[in-house]
Amino acid sequence: MRERLIEILRIALRNHVTDIHFSLKEDGSLVIEMRVSGIIRRLRPGDDDARFFHYLMYRADLDLSDAMEPQTGSFEETVDNETLALRFALVTSYHVTSGVLRILNNHGTLKSEQLSFDEDQVHWLQNVMKHRSGLVIFSGPTGAGKTTTLYTLLNEVKGKKIFTLEDPIEVYNGKYVQLAVNEKRGFGYADGIRQLMRHDPDIIMIGEIRDEQAARMAVRCALTGHLVVTSLHAGSCVIALERMMDLGVNKAQLLDVIRGISNQRLFDTEDGRKTCVYEIMDQKEVMHYCTRGTCSDRFTPLAKAVENAVENGWIPAEQAQEDLD
């Protein structure tokens, strides 16, 4: 069983994959899939995949007798002399038991200039982390590289105390103090923020905003004079901005603290590397949209940014068209 796990992890590492999806069917067959460059790829099935699924439950110290209850556990595995921190989450529906194995420390050591070929986009990303206070939102769909962008930029910050509040912790990093939200144990966002404030943080990273409480806490932290960075699932900068207000954030307070919003897509280059294309709304653009209900002429929408990337030969035209269709 361990050999099968290492084989799958090697494939994930080779393709820069962080999440491996498992679907155990009623007939005992197991579907194994990975999201590679935003596209779900299915792995070749093994002879004993049903046993392998239960092996993962065992390694994660889950309750094998109660697979109907949602469970999450963690463990480590060594692959080619590299120790991987792994989290296995389990949920069961009527016909399928689903598990997701996440590699928590597979985000490498990218430099910010490697995030995009567009120098203007890289320059904005680097400078936005230099603000002393305010709120910066990194948005995009699933698999767009938001977490990689966020941690790459945080890794380059020097001389500042960085604290994270996540649900759950997505990437383990010894450079930060990382707190995990656990509502079942009574440790929510409000409790986490109270704890963080006692340690005089310079930068607070709040993991992906999914609900009203997280959205409001992000703005509240920024209002206290801290730089807050966070991620949000959204298809564009405008949608991200409107979603924050839909989640109950006061518009005046949001405009007071917002320093910028990015939206991104992840592409493969011709030589097999990966790069991002970003849509960016700086503080002035956010203000323009909120006061006039439309973007200014200087705003570059994502479709245009992707078009520019194709024209410059940074990404293949076929892949760009697939992403925007």
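In this chain, numbering begins with 1 at the start of the sequence shown. Quick caveat, the model's predicted, so the values are computed rather than measured.
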Rounded to the nearest 0.5 angstrom, the CE-CD1 distance for Met281 and Ile258 is 9.0 Å
List the steps, then state whether side chain to side chain contact (heavy atoms under 4.5 Å, CB included) holds for Asp118 with Val277. CA-CA 8 Å; Asp118 191 307; Val277 175; over 6 Å; no
Any salt bridge between Lys274 and Asp268, counting N to O under 4.0 Å? yes
Does atom CD (Glu119) have a neighbourhood of more than 12 heavy atoms from anything else shown, all under 6.0 Å? no
Rounded to the nearest 0.5 angstrom, the CD-OG1 distance for Glu208 and Thr142 is 7.0 Å
Donor-acceptor contact present, side-chain Asn250 to main-chain Ala252, <3.5 Å: yes
Would you mind checking if Arg4 and Glu7 are paired as a salt bridge, meaning a charged N to carboxylate O distance below 4.0 Å? yes
Below 4.5 Å, heavy atoms only, C-beta onward: do Ile103 and Leu86 meet side chain to side chain? yes
Taking 4.0 angstrom as the limit, do Asp200 and Lys161 come out as a salt bridge? no
Is any side-chain heavy atom of His54 closer than 4.5 Å to one of Leu24? yes
Are any non-hydrogen side-chain atoms of His226 and Met197 less than 4.5 angstrom apart? yes
Atom CG of Asp61 with >12 non-hydrogen neighbours under 6.0 angstrom: no
Quick check: Phe88 with Phe53 (ring centres under 6.0 Å apart)? yes
